[in-house]
Amino acid sequence: MAKFVGTGLSSLALSLEELAKLPDEVIGQMLVAEGKVVERYQREEIDRMRLVDSGRLKASIQTDQKYRVTGNGKEYYINVYPRGAHHTYRGRLKTKTYKRSKSGRTYTYGGGTKTATTQDVGFVHEFGAKGRGIRKKGWMMAANLRAESEAVAAAEKVLNDYLDKLGL
């Protein structure tokens with residue numbers, strides 16, 4: 001009859017319990033590592049597709065880590081996209097005649113200052129603007145697809161560092 005003798009199994013069981021309850025900091029570090037890779041690829045894609053005019057779109061790409069509370073606890077995610085003001089412009093000033101004016105009196109409206117965000121510019125470059133004759137370029141989707149394997153490897157490296165710290 002075979003006999004099984006093991007030493008150190010209690011520490012292995014404890015480590016597996018710790019692994020099952022992956023700390024929020026590790027999840028956050030994994031997501032941020034993935035986000036930094038995607039951010040770099042998006043900037044490279046802007047250069048590759050020659051979408052750089054002023055450089056504001058490329059400089060505005062940022063990664064932020066967020067979470068929402070669900071029934072199962074916290075659900076972490078990241079957003080990688082351009083944010084901030086891109087440029088300001090004045091809207092067109094319009095002149096209209098009063099409806100009941102017998103002498104042709106007019107009034108003007110519009111002409112206020114408006115701000116275009118880098119999100120707007122990125123969206124137009126991604127999906128196009130048919131009414132203005134701007135073709136879609138798909139720069140963000142292309143960058144995200146190109147970054148996929150390297151982003152997963154970056155998150156895996158963070159997880160492996162955590163597992164090495166636990167001794168697994």
Side-chain angles (χ1 to χ4, degrees), residues 6-89 113-168:
T7 57
L9 288 178
S10 60
S11 66
L12 176 63
L14 179 63
S15 296
L16 289 175
E17 272 183 28
E18 290 174 356
L19 180 61
K21 298 175 186 171
L22 201 59
D24 294 343
E25 303 88 44
V26 176
I27 294 171
Q29 290 171 0
M30 289 171 64
L31 289 173
V32 168
E34 286 180 320
K36 294 299 178 188
V37 171
V38 172
E39 190 177 310
R40 181 171 45 92
Y41 272 88
Q42 285 183 3
R43 287 192 175 118
E44 289 173 4
E45 193 68 23
I46 288 173
D47 281 338
R48 196 174 73 73
M49 290 189 170
R50 295 189 178 115
L51 300 177
V52 178
D53 186 23
S54 65
R56 288 188 193 124
L57 176 64
K58 183 175 149 183
S60 70
I61 295 174
Q62 296 176 5
T63 302
D64 67 337
Q65 175 187 352
K66 296 189 174 201
Y67 70 91
R68 61 179 157 243
V69 179
T70 62
N72 300 334
K74 289 182 180 178
E75 184 178 290
Y76 289 89
Y77 62 96
I78 57 170
N79 290 326
V80 182
Y81 61 92
R83 55 181 68 88
H86 190 270
H87 63 277
T88 57
Y89 62 95
T113 304
K114 299 183 179 182
T115 302
T117 65
T118 52
Q119 294 171 357
D120 299 335
V121 173
F123 183 88
V124 169
H125 282 308
E126 177 73 17
F127 298 107
K130 190 175 181 180
R132 295 185 176 236
I134 301 172
R135 294 183 317 117
K136 68 178 187 175
K137 295 163 186 92
W139 66 275
M140 190 180 286
M141 181 62 78
N144 292 346
L145 290 174
R146 285 185 39 228
E148 183 179 9
S149 60
E150 192 174 330
V152 170
E156 190 175 324
K157 182 185 180 311
V158 171
L159 180 62
N160 287 335
D161 292 345
Y162 173 71
L163 293 177
D164 289 344
K165 191 175 87 174
L166 288 180
L168 288 178

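For the numbers below, each heavy atom of this structure counts, side chains included, while hydrogens, waters and symmetry mates do not. What you see is a predicted model; the values in this text were computed from it and never measured.
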Are the side chains of [Y] and [X] in contact, using a 4.5 Å heavy-atom criterion?
X	Y	result
V38	N144	yes
L51	W139	yes
Q42	M140	yes
I61	V80	yes
L57	H125	yes
Y41	E150	yes
N79	K66	yes

message: Y67: which residues meet the ring pair (Phe, Tyr, Trp, His ring centres under 6.0 Å) condition with it, sequence neighbours left out?
response: Y76

For [X], salt bridge (charged side-chain N to carboxylate O under 4.0 Å, His left out) partners two or more places apart:
X	answer
D24	none
E44	R40, R146
K36	E39
D161	K157

Who pairs with [X] by side-chain hydrogen bond (donor to acceptor under 3.5 Å, both in side chains), at least two apart in sequence or on another chain?
X	result
E34	none
R50	none
D47	K58
T117	D120

task: Please answer whether the main-chain N or O of P82 pairs with a side-chain N or O of S60 as donor and acceptor at a distance below 3.5 Å.
output: no

- prompt: Would you find a donor on one side and an acceptor on the other, under 3.5 Å apart, between the side chain of T118 and the backbone of G84?
  reply: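 Confirmed, T118 side chain pairs with G84 backbone.
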
Residues two or more places apart in sequence or in another chain: which of them pass side chain to side chain contact (heavy atoms under 4.5 Å, CB included) with [X]?
X	answer
S54	R56, H86
V124	A129, I134
R135	none

message: Measuring from atom CD of Q29 to atom CD of Q65, what distance do you get when rounded to the nearest 0.5 angstrom?
response: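 Those atoms lie 9.0 Å apart.
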
message: Is the positively charged end of R83 above the ring of Y81, judged by distance under 6.0 angstrom from the centroid and angle within 45° of the axis?
response: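 Yes, R83 lies over the aromatic ring of Y81.
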
